[in-house]
**Student:** 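The structure follows.
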2 protein chains.
Amino acid sequence: MSTTAPLRPRKAQIDRTATALFRARGFAATSMRELATALGLEAGSLYSHIKSKEEILHRVCFGLAESFFAGFAAATLDATAPVATQLRQAIEAHVRVLTSDSAASAVFLHEWRHLSEPARGEFLALRDRYEAAFRELIAKGVAAGELHTPDTAFAALTLLASLNWLPAWYRPEGKLAPDEIAHRLAEQLLSGLRHDG
Amino acid sequence: MSTTAPLRPRKAQIDRTATALFRARGFAATSMRELATALGLEAGSLYSHIKSKEEILHRVCFGLAESFFAGFAAATLDATAPVATQLRQAIEAHVRVLTSDSAASAVFLHEWRHLSEPARGEFLALRDRYEAAFRELIAKGVAAGELHTPDTAFAALTLLASLNWLPAWYRPEGKLAPDEIAHRLAEQLLSGLRHDG
DNA sequence: TAAGCAGGCTAACAGCCGTTAGGAAGCACG
DNA sequence: CGTGCTTCCTAACGGCTGTTAGCCTGCTTA
């Protein structure tokens, strides 16, 4: 029983450094030579660890997608709980993923369009499925009389939009802890959704 | 008394086409040769009209900033009106700018970081000022007892986040007219802010 | 008719791009 | 010792980058 060390620690380090650069400069504007320099390497050396530049982006985007789905699944595991509770937990799970790695989150949110097909299409399908999961949860809440909104799809988009702006301003050293942020966001968003709020 | 034609129509056309490409592929991933091809030109010919690639981005970003400020100023012109009314009008003005040119809006929101200094810093200062204007309006509403929120800055960020996600999904040919979108967004956001909503 | 200018062309510039080939250290393990 | 693996190097590849210089055409206006 031990904390499993990464199979290829250097590769993981490349991913982390690349993610930070992709976030700061954008995928297209980040060169392999910049990435290598940031790691204290020559550009060619990177290719002992990775297959291509896009492969890094692919791993970041799809890895984070998996985290989001896992968080949502855990939050809605007890389907008999009040929908408002499930939604609050889903919001908190989403915020937890966003704050635990805000650089990767920013890349996930903005740089996916530099994926080439078919990865790009697969990514968008995943994103749609995730949005649909929130939409259906809200719809379930409306049907149960726990939530109210004139437009379920609209409400889901607005909710995710509010959450996804977080990586743009969140700083780990800021005065608000992730849990506190998640709580306030859920409060503010739900008070606009909750019936007789 | 006539509708003033652009001083240099070709230049305006370059800006529009570039904006669409910047939005679709990103600034860094859009080449001058791609842009020229989209306009039926050779790359070198562009430089009869513009000084540089970044000049286009500069014009788009700062032009839109001006539109946002003008909209906000018009919405809050009557400072004696209820703050909730002013805020609703400011939201509607913001949405009107976003929907009237969603490509330029997307560039404004995501591609500004490819501006080099000092333009980048100037842009961020403008954006901060705009956010502050919303923050102060909300604070005024809280002081007047018209609005409620535990955290004014938080509320302003969430509000703008919800609005700024719009260019990501808005389609001019969609079933919702811009005014209807603005109305629903304002409704959903205010019902979460308004006291005893 | 002459002058000027807007708008376009071709060709080329220096430099950066992602990626590959081939080799050489250092280390672990039989 | 020898094998194999990880990690890094140098050098180079073809191709694309933003931008410039110089030239030509055709319209507008005096």
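Within every chain, numbering begins at 1; the chains are lettered A, B, ... in the order of the sequence lines, protein sequences first and strands thereafter.
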**Student:** Does C:dT19 have OP1 or OP2 under 4.0 Å away from a side-chain N or O of A:Y47?
**Tutor:**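 Answer is yes, contact under 4.0 Å.
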**Student:** From CZ of A:R10 over to P of C:dC27, roughly how many Å is that when rounded to an integer?
**Tutor:**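 So the two atoms are 16 Å apart, to the nearest Å.
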**Student:** Checking the side chain of A:E55 only, and the main-chain atoms of A:K51 only, is there a donor and an acceptor separated by less than 3.5 Å?
**Tutor:**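 Such a contact is found between A:E55 side chain and A:K51 backbone.
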**Student:** Measure distances between side-chain N and O atoms of B:S48 and base N and O atoms of C:dG8, and say whether any donor-acceptor pair falls under 3.5 Å.
**Tutor:**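 Under the 3.5 Å cut-off, the side chain and the base do form a donor-acceptor pair.
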**Student:** Near DNA chain D, counting only heavy atoms under 4.0 Å, which residues of residues 21-44 of chain A show up?
**Tutor:**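 Nucleic-acid contacts, sorted: A:R33, A:L41, A:E42.
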**Student:** Measure the distance from NE2 on B:H114 to P on D:dG18 and round it to the nearest whole Å.
**Tutor:**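 Spelled out: NE2 on B:H114 to P on D:dG18 is 12 Å.
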**Student:** How many Å lie between NZ on B:K53 and P on D:dC16, as a whole number?
**Tutor:**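 After rounding, the gap between these two atoms is 15 Å.
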**Student:** Can you list, pair by pair, the side-chain donor-acceptor contacts under 3.5 Å of residues 63-78 of chain B, counting residues two or more places apart and other chains?
**Tutor:**
unit_1	atom_1	unit_2	atom_2	d
B:S67	OG	B:G63	O	3.3
B:T76	OG1	B:F72	O	2.9
B:D78	OD1	B:T80	N	3.1
B:D78	OD1	B:T80	OG1	2.6

**Student:** Checking side chain to side chain contact (heavy atoms under 4.5 Å, CB included) for the pair B:W169/A:L157: CA distance, chi angles, key distance, verdict?
**Tutor:** CA-CA 9 Å; B:W169 60 268; A:L157 281 172; 3.7 Å; yes
**Student:** State whether the side chain of A:K53 and the backbone N or O of A:S31 hold a donor-acceptor pair below 3.5 Å, judged by distance alone.
**Tutor:**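 Not a single qualifying donor-acceptor pair exists.
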**Student:** For the pair made of CG in A:L46 and C1' in C:dC17, what is the distance, rounded to whole Å?
**Tutor:**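 Atom CG in A:L46 sits about 14 Å away from atom C1' in C:dC17.
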**Student:** From B:I181 CD1 over to B:E92 CD, what is the distance, rounded to the nearest 0.5 angstrom?
**Tutor:**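 Interatomic distance, B:I181 CD1 to B:E92 CD, rounded to 0.5 Å: 12.5 Å.
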**Student:** With a cut-off of less than 4.0 Å, is there a side-chain N or O of B:H49 near OP1 or OP2 of C:dA6?
**Tutor:**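 Checking B:H49 against C:dA6: no side-chain N or O falls below 4.0 Å of OP1 or OP2.
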**Student:** How many whole angstroms separate atom CD1 of A:I14 from atom C1' of D:dT6?
**Tutor:**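 Roughly 12 Å, once rounded to whole Å.
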**Student:** Report the distance from atom CD1 of A:I50 to atom P of D:dC8, rounded to the nearest whole Å.
**Tutor:**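 Those two atoms, CD1 and P, are 12 Å apart.
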**Student:** Keeping the roles fixed (side chain from B:Q86, backbone from B:A81), state whether a donor-acceptor pair exists under 3.5 Å.
**Tutor:**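 Yes; judged by distance alone, with no hydrogens or angles, the pair exists.
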